[in-house]
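I have placed the structure first, in the form of structure tokens, so that the comments after it can refer back to it.
Quick note on labels: first sequence line is chain A, next is B, and so on, each numbered from 1.
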Amino acid sequence: MSILEIKNLRASVEEKEILKGISLTVKAGEVHAIMGPNGSGKSTLAQVLAGREEYKVTGGKVLYRGKDLLELGPEERAREGVFMAFQYPVEIPGVSNTYFLKAALNAIRKHRGEKEVDAVEFLKLVREKMKLVKMDETLLRRPVNEGFSGGEKKRNEIFHMAVLEPILGVLDETDSGLDIDALKIVAEGVNSLRDQNRAFVVITHYQRLLDYIIPDFVHVLVEGRIVRSGGKELALELEEKGYSWLEEEASALATA
Amino acid sequence: MQAVVERSSAEKNVYVEGFKALEAEGLAESEALRSLRRRAIEGFEALGFPTPKMERWRNTNVSRIAKAQFRAAERPGEVRRESLAPHVYDGTGRMVFVDGFFVPELSTPLKLPAGVLATNLVEAKKLHGGLVESHLGHHVDFEDQAFAALNTALHRDGFFLYVPKNAVVEEPIHLLFLGTTPETAAYPRNLLVLEDNSQATIIESYVGLTEEAYLTCPVTEVSLGVNAVLDHYKVQRESLAAFHIAVQQSWQDRDSALRSHSISIGGALVRNDLNGYLDGEGVSCTLNGLYLVDGKQHVDNHMRMDHAKPNGYSHELYKGVLNGSGRAVFNGLIHVHEDAQKTDAVQSNRNLLLSKNALAHSNPQLEIFADDVRCTHGSTIGQLDDDAIFYLRSRGIGEEAARSLLTYAFASDIVERIKVESLRQDLEEYLFTRLPRGEVVRQAV
């Protein structure tokens with residue numbers, strides 16, 4: 001069954017069209033990588049999937065497990081099992097990282113008709129997941145992302161994902177700015193969640209992450225369109241040749 | 001013009017009459033204390049009620065109070081012991097005042113070490129007249145503050161604390177002031193004297209047990225000896241129709257510490273004047289405040305810190321959450337005298353506006369006459385962070401709960417600083433019940 005079906009999606013920011021008709025189908029168990037140069041629309045795609053109001057969908061549709069995703073508010077998407085690992089996670093002073101996560105987990109469980117977890121169960125779960133992303137326990141007690149380093153913020157996103165166990169995980173340039181150790185930790189976090197019922201869309205600028213999270217499909221986004229799709233070897237080809245040959249192709253196509 | 005003068009003197013008459021009635025009762029007071037009252041009522045007659053033309057009252061108009069002409073209650077309203085339950089705090093001794101009168105039947109015995117005097121002011125004037133005389137009216141300026149003058153002239157009772165050298169009062173003392181009788185005025189007068197190396201914790205709470213309008217006009221004077229420590233909590237939960245105009249004046253000797261927390265929740269029109277005089281080296285003064293306004297509530301916090309000697313420390317953090325058409329005023333002045341080198345003064349006022357019609361005035365000021373000091377001030381008036389709301393929502397938390405969670409985080413920053421556990425829990429509980437989707441917040445913090 002398809003987890004995500006994007007059909008001819010168009011979206012604008014401040015009246016400027018960024019996504020110019022994207023189609024993509026992600027099935028359960030698959031990992032799709034979306035690559036592309038700066039300004040190609042990668043992050044816009046992530047924001048549209050997360051439900052940011054500033055990004056206006058002007059055409060096409062997005063189905064999540066057969067439901068119209070665009071009809072759902074951001075919290076409903078999360079409760080239905082969509083997780084967005086943000087490129088720039090927000091600092092929230094005064095809100096404890098752990099307690100907030102407990103509220104989030106219980107909102108999701110409640111939506112699924114599951115019993116809410118109590119403090120003891122939650123702590124057990126959190127300890128287990130923390131090890132996965134090698135997170136320091138002090139980061140749990142601190143306010144969400146406040147004073148976290150760039151790498152800690154990204155790891156915290158993966159930690160949230162590990163606790164919330166989504167059906168669809170979208171990673172928006174989670175690898176940007178990470179050193180190789182942090183990158184491996186992020187990749188391990190994702191790989192540990194990979195199974196036949198889940199799917200991931202990994203948005204990245206760099207091929208390096210894909211050495212650790214092996215994708216089933218790679219798509220190249222240029223100027224708001226997917227200009228090429230292939231297997232993991234496409235990422236290697238991009239690494240070798242860069243994006244310029246595809247950009248040239250795309251502009252040739254646009255002017256043709 | 002004639003009419004204006006007539007009205008203004010008519011507004012004052014009711015208080016002058018009140019003073020005469022009080023004098024006629026034959027209060028058991030020394031001549032010195034009676035003369036203090038006389039000077040105060042004369043002071044009030046000369047001052048009259050403040051008007052918005054006066055700089056310090058520019059944003060707070062008390063003409064409603066002047067027009068109301070409330071007389072002091074003649075006797076305390078009936079209060080059943082059961083109705084106190086929601087307003088008391090575990091682990092504290094309690095003195096209860098109703099409409100300005102001390103009510104011993106509602107109070108509990110205080111746990112006091114030897115030598116500590118803690119009693120209602122009427123009793124203190126009888127038993128410890130000399131001590132009272134040497135402090136009462138000595139700290140607060142009633143020649144320039146009309147409401148302090150009114151209180152000084154018209155107070156009936158209040159609380160008196162004297163902690164001798166080296167004594168420590170461990171159990172917090174809770175002063176509960178209840179307003180129960182509509183259209184009356186009460187003037188609680190508190191005097192807290194802590195001698196060298198002594199320590200105490202005082203909670204002043206003001207609660208309305210009527211929905212109607214009334215006036216509470218308290219004055220608290222604080223005197224801290226060398227190295228003395230006072231934790232002072234004020235919780236204002238008057239009725240939503242009430243007027244609450246309060247003055248607190250503290251005087252601090254060398255190395256003493258005042259940790260003041262002011263929580264303002266109730267009242268239609270509220271003004272807190274909080275003045276501190278740091279009169280010794282190494283004095284520290286921490287002022288934390290939280291005010292919540294909604295509907296048409298108006299809350300004004302006016303503070304003045306005088307740093308008179310070197311190495312003083314004063315840190316103010318006042319935060320406000322404004323909803324509905326609520327109004328808040330913050331005016332903080334730090335005055336650093338010429339001798340007060342190495343002063344460390346920080347003043348911060350943060351306002352969170354939850355509605356379009358709420359309005360905050362914030363005016364932190366520094367007057368510095370010393371040349372080697374660290375003084376900073378700042379104020380913010382803003383809304384909830386949209387990015388933070390989106391982030392919380394994208395993790396599954398509903399929009400309303402996300403807003404409440406962020407609002408709680410903003411407010412609890414002050415509540416968390418309260419060291420009396422029962423009081424802190426009571427205020428946290430209050431926030432949970434007041435905020436929409438409070439149950440999500442309760443679970444998440």
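- Pairs of residues two or more places apart, or lying in two chains, that qualify as salt bridge (Lys or Arg N to Asp or Glu O under 4.0 Å) and include a residue from residues 317-331 of chain B are K319(B)-D413(B).
- When atom types are taken as modelled, the side chain of S422(B) and the backbone of D90(B) share a donor-acceptor pair closer than 3.5 angstrom.
- Taking the ring axis of Y391(B) as reference, the NZ or CZ atom of R395(B) stays within 45° of it and closer than 6.0 Å to the ring centre.
- Residue contact with chain B, scored on non-hydrogen atoms closer than 4.5 Å, involves the backbone and the side chain of P89(A) alike.
- Contact annotation for E116(A): only side-chain heavy atoms (C-beta onward) come within less than 4.5 Å of a heavy atom of chain B.
- Your options are E91(A), R79(A), M84(A), and the one with the most heavy-atom pairs under 4.5 Å with chain B is R79(A).
- Partners of F83(A) under the ring pair (Phe, Tyr, Trp, His ring centres under 6.0 Å) rule, at least two apart in sequence or in another chain, do not exist in this structure.
- Looking only at heavy-atom pairs under 4.5 Å with chain B, the residue among T98(A), V82(A), N106(A) that has the most is N106(A).
- Heavy-atom distances place both the backbone and the side chain of E399(B) under 4.5 Å from chain A.
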Walk me through it: do E429(B) and R442(B) pass the test salt bridge (Lys or Arg N to Asp or Glu O under 4.0 Å)?
CA-CA 8 Å; E429(B) 199 53 42; R442(B) 188 198 308 270; 2.7 Å; yes
